[in-house]
Amino acid sequence: MGEKSAMQRSESKTPELKTLGDVVRWVVAELGAMCPSPERLAAYFANPDDANLRDVRYHVEEVRCPICRTEREAIQRAISD
Amino acid sequence: MTDGAEVLNVFMRCRPGLERFARTAFPRLAHDVDDLLQEIWLELQTKVVSSDFQAPRNCESWLRMLVRSRAIDRLRSMERQVFLSLTNTRGDASKSRERVELEDNGPSPATHAVEQERRRRQGLLLSDVLVEFCRWCEERPQRLAIKEAYERSLHGQSPAQIAAAMGVPPASVHQWLHQAREWVRQRVAERDVERSVFLTLYAGQ
């Protein structure tokens with residue numbers, strides 16, 4: 001019973017996928033399909049000017065990946081605490 | 001105190017921050033964050049007593065990576081569950097579709113459900129392939145430009161715009177995009193052997 005409710009809840013929150021473009025946006029923005037590896041993301045936060053990490057810079061700063069940016073905010077919060 | 005015990009202590013101390021991180025980065029899991037963190041807590045208890053466990057240098061960051069990874073696993077698992085539930089009702093949906101379409105010229109709810117199911121399958125397959133593609137690119141520094149160019153193209157940039165943004169000749173961009181698309185196409189073809197999911201991959205539909 002509880003499992004069914006959880007499934008219905010998650011289904012209701014799934015975005016409407018009308019086109020392949022919707023699918024691509026969903027997997028990139030929500031499922032993190034193009035996110036860099038955790039090691040490279042951490043390396044970028046430590047050294048944003050590293051030329052070997054420019055693909056990560058694009059992903060974080062221009063695409064504004066919500067998952068990766070939340071990670072950065074968490075790191076910044078941990079440093080300031 | 002052992003390294004393992006220290007990791008568990010850090011988890012308890014950072015738990016509010018980890019909760020906040022999970023809720024912000026994965027809004028769809030907002031109702032499941034407690035369960036998610038409980039599962040991670042149990043996983044950690046097993047992990048830290050294994051003989052090959054080494055405490056990470058930055059424990060808090062490592063824990064966030066673990067939360068992120070398990071959250072993405074959970075999202076994908078949720079989608080698979082929804083997909084399976086749709087698949088199980090597909091027979092009924094097909095029968096009702098015939099009935100409903102006699103009465104209504106627009107797309108019926110059943111047609112819509114079948115299309116949504118196909119899009120979900122596309123998403124799950126594409127997600128797995130793209131993650132694999134990123135790890136493949138990250139194996140060699142010379143492939144990183146392919147990753148960036150391809151991600152830019154996924155976000156709608158033209159080859160000329162990509163070339164300008166990356167400061168490279170357009171010919172290089174064309175070559176990288178061809179390489180990336182061919183890589184993705186091959187992996188999709190390997191997994192979608194019946195071509196039931198991605199018939200329209202390059203038709204832009």
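Residue numbers start from 1 in every chain, and the chains themselves are labelled A, B, ... in the order their sequence lines are given, proteins ahead of strands. What you are looking at is a predicted structure, and each value in this text was computed from that prediction instead of being measured.
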So, are E39(B) and R70(B) salt-bridged, with charged N and O less than 4.0 Å apart?
no
Criterion side chain to side chain contact (heavy atoms under 4.5 Å, CB included) on D32(B) and F26(B), from CA distance to verdict:
CA-CA 10 Å; D32(B) 300 317; F26(B) 304 96; over 6 Å; no
Is any side-chain heavy atom of R72(A) less than 4.5 Å from a side-chain heavy atom of Q76(A)?
yes
Side chain, backbone, both or neither: which part of A149(B) has an atom under 4.5 Å from a heavy atom of chain A?
neither
Quick check on R54(A) against chain B: is it the side chain, the backbone, both or neither that has a heavy atom closer than 4.5 Å?
both
Between N58(B), L144(B), L154(B), T24(B), which residue shows the highest count of heavy-atom pairs closer than 4.5 Å to chain A?
L144(B)
Pick one of side chain, backbone, both or neither for R20(B), based on which atoms fall under 4.5 Å of a heavy atom in chain A.
side chain
For Y44(A), run the side chain to side chain donor-acceptor pair (under 3.5 Å) check against R57(A), E61(A), H59(A) and tell me which one passes.
E61(A)
Considering only heavy atoms, which portion of E60(B) lies under 4.5 Å from any heavy atom of chain A: side chain, backbone, both, or neither?
side chain
For C68(A), is it the side chain, the backbone, both or neither that has a heavy atom under 4.5 Å from a heavy atom of chain B?
both
Residues R135(B) and E132(B) bridged, charged N to O under 4.0 Å
no
Are E73(A) and R69(A) within salt-bridge range, i.e. N to O under 4.0 Å?
no
At a heavy-atom separation under 4.5 Å, does L41(A) approach chain B through its side chain, its backbone, both, or neither?
side chain
Taking every non-hydrogen pair under 4.5 Å, which of C65(A), P66(A), S37(A), G32(A) racks up the most with chain B?
S37(A)
Let's test your reading of the structure: which of M65(B), M166(B), K147(B), E138(B) forms the most heavy-atom pairs below 4.5 Å with chain A?
E138(B)
Between V63(A), V27(A), D55(A), who has the most heavy-atom pairs with chain B when the cutoff is under 4.5 Å?
D55(A)
Quick one: does NZ or CZ of R187(B) land under 6.0 Å from the six-membered ring centre of F133(B), within 45 degrees of the ring axis?
no
So what's closer than 4.5 Å to chain A heavy atoms on Q157(B): side chain, backbone, both or neither?
side chain
Taking everything shown except E139(B) itself, do over 12 heavy atoms lie less than 6.0 Å from its CD?
yes
V56(A) versus chain B, heavy atoms under 4.5 Å apart: side chain, backbone, both or neither?
neither
